[in-house]
Amino acid sequence: MSANQAGAPRPSEIYSDFLIIGSGLAGLYAALYASGFGSVTLLTKSTVEESNSYWAQGGIAAVVDPDDSAWFHIDDTMRAGRGLNNLKAVEVLVNEGRERVIELIEKGMQFDSDETGLELGLEGGHTKRRVLHAGGSSTGREMVKFLIAAVEKNPSIRKYESTGVVELLSDGVSCSGALALGNAFEPILFLAKSTILATGGASALFERTTNPESSTGEGIALAYRAGAAISDMEFVQFHPTAFYNERGASFLITEALRGEGAHLLSGTGERFVYEYSDLGELAPRDIVSRAISIEIERSGKNFVYLDMRHLDSSYLKSRFTNIYEACLAAGVDMTNSLVPVAPAAHYMIGGVKTGLMGETNIKGLFACGEVASTGVHGANRLASNSLLECVVFGKRAVDGALDYDGGGFDSSFRQGSSVAHNPATGELKFFRELKSAATRIMNRSVGIVRSGEGLVAAGHELAAISPLLEKLSGYYKLKMEMILEVCGLITAFSLMREESRGVHIREDFPEEDPSWKKTYSDEKRRGAKARTRRITRRLRKNR
Ligand code: SIN
């Protein structure tokens, strides 16, 4: 059945004060905090356990050591970000981050500690040990589990899993909630005074990724379609060390291992990162990923090695249990063998443009966590600042929503909304084929090292996928359209920035150019209004 077909079921309606879309750390934190002020609906297209936050290993950076100071953390964040960070956002992150982390500990979150106090790890770009971790290198999982347990007990939060948003209810000026499909593809209208996007990143748009396959930037596409400004899309961070094997399957090998002394070796067994930075393996991520990609190019092999053979094996097994076990399952004992690694797409710095209270240019629409682009990370995120971002800006987005009086709430959007998105048999397979084709293009031409020529070619190749979408319908068609839209935004923004800065490396513009010391966004207001008119017409027709 198509969305326009008469007789399609009318969606049921659910109203709450806060609609939170996405259940990673930012969404869970925002839901819990918002529940102190009103009713909350928490939506996720998968399950609450499946998020990028869940897989975060290293930890959460915070100034909790007396030898550290906010100033050092701010300075490290700004240096990693290559001068493009929004200083105010960085100050908020660092100062409020400490408060949020202490609050979490007071509420019972257990970070790893020994008899002397909290154990603090070191990661690339940090001049001090300030990375709190939990469950060894399962910090994301432990934090997410801690918050899920609190969400489950909270009567003000209604949770909907397997519920994918297909559209934000917006006229390009204000937002009144979202239209979603439940687990049997039944339409549901979630109406709310404030809508908070916490949908995570987009790194699964690249063939080699550390993210779950659901990280396809849907939140960015939904907001873009609703008329929200999108910024900094050229900045996609590649993690230097994801496990490499010929089958392409990959998993993250935390930077904290390099903090504990692991070395990167070339195919001929040399340490090579010092050629690029005096900080060696503990240089910021953009430098290490770049060094690895040059080494890969030079050697003709697809990977370099991470060497931990000189480190204490029982310490490695207890502190990095999940990584030890994952490597072992892939046939490598990291305590006595070299581990093949190569960079993989890891974190989307760009996204929905927000102010410091999570506010977007659409009234009633807020964003926090990886989907948001506050400018806090500049051109390259400092390691372990992302979980911190989730709790700091998760709270702030709710505070921003509280300050908003719901003036934009327009219940007329719900009148007559009617969709049916049941996919036809076989569509999932074809959807996956098209998605893989797009991720291969992104990895090859919009990856770590880019060129104008490659980006233009990528644009054409992505465009050539569009006509094939005619073979899809309903939900999978929409998902694939959104994937192509976000791939297109990353490609277009990358083409526009004619310099190399942080994670954005152009071989045709290899230097940082002071005239590019600015960020930019793409406000699609007119496009959004035209689209809204189309949606409104369609809704009226179905009434
Ligand atoms: C890691 O553990 O290396 C990843 C942490 C992060 O992305 O900040």
Side-chain angles (χ1 to χ4, degrees), residues 24-26 51-62 73 76-77 80-81 90 93-94 97 101 111-112 119-126 129-144 200-204 206 208-212 215 235-243 250-262 264 273 281-289 292 306 308 316 319-324 326-327 334 339 341-349 369-370 376-378 380-393 502-503:
L25 194 64
S51 65
N52 207 9
S53 312
Y54 189 86
W55 295 106
Q57 293 179 351
I60 180 162
H73 191 181
D76 290 348
T77 303
V90 178
L93 178 81
V94 169
V101 166
F111 291 103
D112 298 332
E119 283 177 10
L120 297 176
L122 183 65
E123 293 183 15
H126 289 272
R129 282 192 172 264
R130 65 167 73 93
V131 181
L132 288 81
H133 49 86
S137 46
S138 305
T139 315
R141 186 177 72 198
E142 295 304 316
M143 290 187 77
V144 164
S203 292
F206 292 79
R208 257 187 79 71
T209 180
T210 62
N211 286 200
S215 296
F235 297 116
V236 180
Q237 183 174 63
F238 279 70
H239 194 287
T241 56
F243 187 86
S250 185
F251 54 87
L252 180 65
I253 301 210
T254 179
E255 186 148 337
L257 269 161
R258 279 177 278 132
E260 298 306 320
L264 282 163
V273 192
E281 282 88 350
L282 286 177
R285 263 179 209 171
D286 54 338
I287 297 173
V288 182
S289 287
I292 295 175
L306 193 66
M308 294 161 253
L316 286 177
R319 163 81 168 82
F320 300 101
T321 316
N322 54 343
I323 299 169
Y324 171 73
C327 287
M334 70 185 208
V339 180
V341 292
H346 181 60
Y347 181 87
M348 184 71 216
I349 291 174
E370 192 173 346
V376 71
H377 305 303
N380 175 44
R381 175 174 67 81
L382 184 68
S384 286
N385 268 355
S386 60
L387 294 180
L388 194 65
E389 165 188 37
C390 290
V391 297
V392 169
F393 290 100
V503 300

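Order of appearance sets the numbers: ligands from 1, and atoms from 1 within every ligand.
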S.K.: For ligand 1, does Arg285 get within less than 4.0 Å through its side chain, its backbone, both, or neither, judged by non-hydrogen atoms?
M.R.: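 Answer for Arg285: side chain.
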
S.K.: Check ligand 1 against Gly58 and write out every atom of the ligand that is under 4.0 Å from a heavy-atom position of the residue.
M.R.: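 Contacts of ligand 1 toward Gly58, numbered from 1: 1 (C), 2 (O).
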
S.K.: Going by the atom numbers of ligand 1, which of them fall below 4.0 Å from some non-hydrogen atom of His346?
M.R.: 4 (C), 6 (C), 7 (O)

S.K.: Applying side-chain hydrogen bond (donor to acceptor under 3.5 Å, both in side chains) between Tyr347 and each of Arg285, His377, Glu370, report the one that passes.
M.R.: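 It is His377; the other options fail the test.
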
S.K.: If you take the nearest heavy atom of each of Thr241, Ile253, Thr254, which one is closest to atom 1 (C) of ligand 1?
M.R.: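 Among Thr241, Ile253, Thr254, the closest heavy atom to atom 1 (C) of ligand 1 comes from Thr254.
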
S.K.: State the CG-CD1 distance between Leu282 and Ile287, to the nearest 0.5 angstrom.
M.R.: 11.5 Å

S.K.: Backbone or side chain, does any N or O of Asn385 fall under 3.5 Å from an N or O of ligand 1?
M.R.: no

S.K.: Is it true that Thr139 and His133 share a donor-acceptor pair across their side chains at a distance under 3.5 Å?
M.R.: no

S.K.: Does an N or O from Arg381, backbone or side chain, lie closer than 3.5 Å to an N or O of ligand 1?
M.R.: yes

S.K.: Nearest to atom 8 (O) of ligand 1, what protein heavy atom do you find, and at what distance?
M.R.: Ser384 N, 2.6 Å

S.K.: Can you measure from CD1 (Ile253) to CD (Gln57) and round to the nearest 0.5 angstrom?
M.R.: 8.0 Å

S.K.: Would you say Ala383 has any N or O atom under 3.5 Å from an N or O of ligand 1, going by distance alone?
M.R.: no

S.K.: Side chains of Asn380 and Gln237: is there a donor and an acceptor less than 3.5 Å apart?
M.R.: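 The criterion, which ignores hydrogens and geometry beyond distance, is satisfied for Gln237 and Asn380.
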
S.K.: Looking only at heavy atoms of Gln237, does any of them come nearer than 4.0 Å to an atom of ligand 1?
M.R.: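 False for this residue.
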
S.K.: Are Asp76 and His126 close enough that a side-chain donor and a side-chain acceptor fall under 3.5 Å?
M.R.: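 Their side chains do not contain a donor-acceptor pair, so the 3.5 Å distance test is not met.
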
S.K.: Which residues pass the side-chain contact (heavy atoms from CB on, under 4.5 Å) test with Ala26, sequence neighbours left out?
M.R.: Ala198, Cys368, Cys390

S.K.: Check whether any N or O atom of Glu255, backbone or side chain, sits under 3.5 Å from an N or O atom of ligand 1, and answer yes or no.
M.R.: yes

